[in-house]
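Note that these values count all heavy atoms, side chains included, but never hydrogens, waters or copies made by symmetry. What you are looking at is a predicted structure, and each value in this text was computed from that prediction instead of being measured. Atoms within each ligand, like the ligands themselves, are counted from 1 in listed order.
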Amino acid sequence: MLTVNKDNRTYFKSSLLENTKGLSHCFTSRVGGESRGVICGLNLGFRVGDDPDSVKSNYMHIAEDFDFPYKNITAAKQIHSTNVRVITKEEAGCGVSRLFDTFEADALVTKTPELPIAVFYADCVPVLLADASAGVAAAVHSGWRGTVGRISESTISVMKTLGATAENIIAAIGPSIGPCCFETGGEVVCEFDSDLCTNMPDGKFKVDLWEANRRILLECGVLPQNIEVLELCTMCNSDMLYSYRTHKEQTGRMGAFIMLKKD
Ligand SMILES: [Zn+2]
């Protein structure tokens with residue numbers, strides 16, 4: 001994992017994706033940014049009670065920091081589904097510069113260069129995927145529901161229809177609630193491999209969503225050496241990362257961005 005500072009803003013990158021030609025990507029933190037009040041920082045959620053002008057400025061900063069064409073940044077309305085949407089020029093800007101043009105999905109796939117796609121997270125697991133040689137990139141929002149529904153697997157299937165091959169995919173599992181902090185009840189636990197769950201004295205369980213997602217990628221044929229888990233827990237680092245469970249309803253959203261560069 002790499003930490004990148006631009007002005008007063010802090011970002012994280014996957015070393016694997018950074019070393020792959022033809023891509024630009026980042027995982028944002030809450031550090032820096034124009035949002036004020038309880039969700040102060042680099043909030044990217046337009047629907048969390050923030051001033052829309054602040055949110056827009058935050059996107060502009062990120063666009064500048066990573067050479068993303070602001071107008072093309074595209075994001076879905078996330079609904080904890082396993083819906084995968086292919087993004088072309090038609091959808092460019094939806095959810096951000098075309099704020100009221102929205103569609104529901106939890107994974108975006110694109111083959112179009114200079115079209116940054118983003119998913120939001122504030123504990124849920126963001127997964128970035130790319131087969132740079134085939135020119136296919138994806139951003140996945142994989143919370144526990146998405147993980148149980150194997151949304152990364154559905155995403156890879158769609159990437160394959162666009163020419164990607166599993167052996168060429170580089171994957172990064174971004175900042176999110178870690179095995180140290182993701183506590184849940186029995187009904188949720190039943191959905192995961194038992195070795196990913198730890199019994200707690202209070203009758204609850206801790207579940208390792210990072211490993212659950214890594215396992216799905218491996219089962220899809222992604223090579224172990226091509227998967228990077230950033231191992232950055234949003235709850236343990238809630239001073240610099242938005243955490244839904246820590247800050248309750250009053251929390252912002254961070255973004256995982258990926259873009260194919262022009263040749
Ligand atoms: Zn933690």
- Message: Distance to the ring centre below 6.0 angstrom and angle to the axis at most 45 degrees; does that hold for R253 and Y242?
- Response: no
- Test side-chain hydrogen bond (donor to acceptor under 3.5 Å, both in side chains) on S176 and W210 and set out the steps. CA-CA 8 Å; S176 38; W210 294 342; 2.9 Å; yes
- Message: Listing by chain and number, which protein N, O or S atoms are under 2.8 Å from the Zn ion (ligand 1)?
- Response: C180 SG, C181 SG, C233 SG, C236 SG
- Please determine if D7 and R9 form a salt bridge, counting it only when a charged side-chain N lies under 4.0 Å from a carboxylate O. yes
- Item | Members sharing F68's hydrophobic cluster (side chains within less than 4.5 Å) | V4, Y11, L42, L44, F46, V55, Y59, M60, I62, F66, Y70, I73, V96, L99, F100, F120, F257, M259
- Hey, are E211 and R215 close enough for a salt bridge, meaning a charged N less than 4.0 Å from a carboxylate O? yes
- Message: Between the side chains of K6 and E64, is the shortest nitrogen-to-carboxylate-oxygen separation below 4.0 Å, so that they form an ion pair?
- Response: no
